[in-house]
Amino acid sequence: MMNNDSLDPRVNRLHLSDAAAPVIVNDGENWNIYEVFHQEKRGAHHEHVGCVHAPSPQLALVFAKEQFGRRKKCVNIWVVRSADIPAFEVEDEDMFANNADKTYRDASGFKVMEKINKYKAQQRGEK
Amino acid sequence: MPVDYRRQLIRLIEQHAHSEVMGALPEGTWITRAPGFKRKLALIAKVQDEVGHGQLLYNAAETLGKRREAMINDLLSGKSKYSNVFNYPAETWADVTVIGFLIDAAAIVNQVANAKGSYGPYCRALDRICYEESFHLKQGHDAFIELATGTNMQRQMLQEALNRWWQPIMHFFGPPDKTSVHGEKLMQWKVKMASNDDMRNQFPDAYVPKIWELGMTLPDAALQKNEAGRWQYTDPDWNLFFKVINGEGPCNAERMKVRKWAEESGRWVRTALMSHTAADMLPVA
Ligand SMILES: [Fe+2]
Ligand SMILES: [Fe+2]
């Protein structure tokens with residue numbers, strides 16, 4: 001029997017029923033999340049580009065190549081399970097604030113020109 | 001992060017992700033019927049991109065704390081929405097060219113604006129998406145031009161498709177600003193970077209001339225640019241818009257049927273590969 005209910009052949013051929021039986025995806029069914037880092041050219045840093053869901057590191061690499069390596073230039077990819085990345089809390093950002101007292105760690109903390117000019121002025125005075 | 005900001009972001013990004021995936025359904029059915037090998041290949045690549053956009057956006061939403069499984073369940077139960085435009089049928093190949101050219105163009109207007117928003121993971125996903133969209137637009141425009149410069153029958157086919165899609169395209173940018181429920185707050189928070197009406201005005205500026213220059217018309221006699229540089233148009237039927245959102249569009253039921261079938265029939269693969277010892281969590285963001 002021909003069934004031409006829809007322009008979508010799947011609806012016709014599979015005789016998808018109208019019975020609205022709920023479909024529920026169980027927790028964990030979409031596997032683990034892996035963070036993806038791609039490298040644009042040899043020698044460059046690997047850079048974080050996003051995530052994929054995968055059941056294993058091997059498949060994470062396959063999915064990452066498909067998702068992030070199929071258009072722009074890419075020579076290598078790393079993946080790592082999100083759960084395996086230790087990170088500071090976002091709220092702790094203030095601990096990275098620069099300490100204004102520690103000018104001895106900056107080039108700007110050393111005023112050499114002042115000293116040179118003072119020395120040169122002195123020399124001129126002695127002549 | 002304020003609770004309401006987080007909630008609105010999740011709602012918006014999740015809807016965007018669902019739209020990418022559901023949008024692949026009407027186009028996907030045309031892959032085998034696309035005229036010629038080159039068009040088939042381009043359509044396969046485009047549909048793959050759209051599903052990839054869904055993945056990128058689901059990930060952006062996940063960084064806000066909602067799990068992928070929960071988002072899919074909310075789509076399947078009808079709790080969360082996707083773009084109305086995908087609840088209309090693609091009747092002929094001309095419809096597919098109009099979708100590829102103009103629906104993608106409309107999506108680009110929206111995505112380019114929002115890519116400058118306040119939430120980093122969403123903006124980064126949108127940047128990547130926009131890069132791929134430029135190919136969608138170009139291949140759609142190319143297919144559109146081919147019909148527009150073809151035989152009388154091809155031009156007629158294209159004209160009919162334009163007539164069918166013009167209203168859904170005007171609907172695409174969402175309800176008018178004065179009736180939009182979340183609009184103002186989302187703009188304040190820089191989640192949305194342009195109002196619905198502004199985007200609806202930006203779109204004809206870029207694309208209506210590209211339709212008219214090929215001698216095609218649009219089914220709105222009032223459509224024109226006024227002296228102030230704003231486009232004037234007949235308001236689309238907003239009652240219809242809300243009817244379609246609430247499930248009464250021509251294809252809502254069958255789209256959900258196919259989406260549920262895909263979820264059910266792919267389940268054995270997902271569970272076969274599942275590792276029961278692996279820890280699950282959210283992305284690092
Ligand atoms: Fe897309
Ligand atoms: Fe697209």
Side-chain angles (χ1 to χ4, degrees), chain A residues 5-38 47-60 62-64 66-72 80-91, chain B residues 1 25-26 28-30 32-33 45 48-49 52 55-56 58-60 62-63 67-73 76-78 89-91 95 121 124-125 128 131-132 135 251 253-265 267 270-276 278-285:
Chain A
D5 289 345
S6 168
L7 291 160
D8 188 334
R10 284 166 292 203
V11 176
N12 299 329
R13 287 187 206 134
L14 297 166
H15 300 285
L16 297 182
S17 72
D18 273 318
V23 174
I24 292 177
V25 181
N26 299 310
D27 264 356
E29 217 180 289
N30 279 284
W31 309 317
N32 275 197
I33 303 178
Y34 285 79
E35 307 286 337
V36 179
F37 301 80
H38 84 160
E47 266 180 63
H48 182 244
V49 280
C51 306
V52 291
H53 283 236
S56 68
Q58 290 76 18
L59 271 172
V62 172
F63 294 156
E66 203 58 35
Q67 177 78 325
F68 297 101
R70 77 179 189 283
R71 282 292 167 76
K72 289 188 178 175
V80 58
R81 214 166 54 129
S82 305
D84 293 334
I85 297 184
F88 288 111
E89 294 298 325
V90 179
E91 291 75 32
Chain B
M1 186 183 290
L25 297 179
T29 58
W30 273 95
T32 54
R33 292 173 278 184
Q48 183 186 22
D49 283 356
Q55 300 287 330
L56 293 170
Y58 280 130
N59 267 130
E62 279 169 316
T63 63
R67 295 179 52 112
R68 176 80 56 107
E69 289 89 345
M71 290 189 265
I72 294 175
N73 283 333
L76 298 180
S77 75
E91 291 181 21
D95 294 63
R124 295 201 301 269
R128 198 166 258 279
Y131 172 81
E132 296 181 354
F135 142 67
C251 296
E254 70 163 78
R255 297 278 182 261
M256 287 309 285
K257 259 195 250 179
V258 173
R259 185 65 192 79
K260 282 183 182 172
W261 165 78
E263 204 60 45
E264 263 316 17
S265 37
R267 190 189 301 275
R270 296 194 302 274
T271 38
L273 288 168
M274 230 162 119
S275 156
H276 292 277
D280 51 54
M281 62 167 290
L282 296 166
V284 185

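Every chain is numbered from 1 and lettered A, B, ... according to where its sequence line falls, protein lines coming before strand lines.
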Carboxylate-amine/guanidinium proximity below 4.0 Å for A/Arg71 and B/Asp49: yes
A/Gln67 and B/Arg128: CA distance, side-chain angles, deciding distance, side chain to side chain contact (heavy atoms under 4.5 Å, CB included) verdict: CA-CA 11 Å; A/Gln67 177 78 325; B/Arg128 198 166 258 279; over 6 Å; no
For B/Arg124, side-chain contact (heavy atoms from CB on, under 4.5 Å) partners two or more places apart: B/Pro121
Leading residue by heavy atom contact count with chain B [cutoff under 4.5 Å; candidates A/Glu66, A/Lys72, A/His48]: A/Lys72
Heavy-atom side-chain contact between A/Asn26 and B/Arg267 under 4.5 Å: yes
Heavy-atom proximity to chain A below 4.5 Å, by part of B/Ala45: both
Sub-4.5 Å side-chain heavy-atom contact between A/Leu7 and B/Glu254: no
Portion of A/Glu29 that has a non-hydrogen atom of chain B nearer than 4.5 angstrom: both
For A/His53, the option from B/Arg270, B/Glu62, B/Glu69 that meets side chain to side chain donor-acceptor pair (under 3.5 Å): B/Glu62
Rounded distance [0.5 Å steps], NZ in B/Lys257 versus OG in A/Ser6: 8.0 Å
Residue pair A/Val11 / B/Val258, side-chain heavy-atom distance below 4.5 Å: yes
Check: A/Val25 main-chain N/O paired with B/Asn73 side-chain donor or acceptor under 3.5 Å: yes
Chain A contact via B/Phe135 - side chain, backbone, both or neither, heavy atoms under 4.5 Å: side chain
Interchain contact, A/Phe68 with chain B, by part (heavy-atom threshold 4.5 Å): both
Under 3.5 Å: donor-acceptor pair, side chain of A/Glu35, backbone of B/Pro283: no
Beyond-backbone contact of B/Gln55 with A/Val52, side-chain heavy atoms, under 4.5 angstrom: no
Heavy-atom side-chain contact between B/Thr29 and A/Pro9 under 4.5 Å: yes
Nearest-0.5 Å distance, CE of residue B/Met274 to CG of residue A/Asn32: 9.5 Å
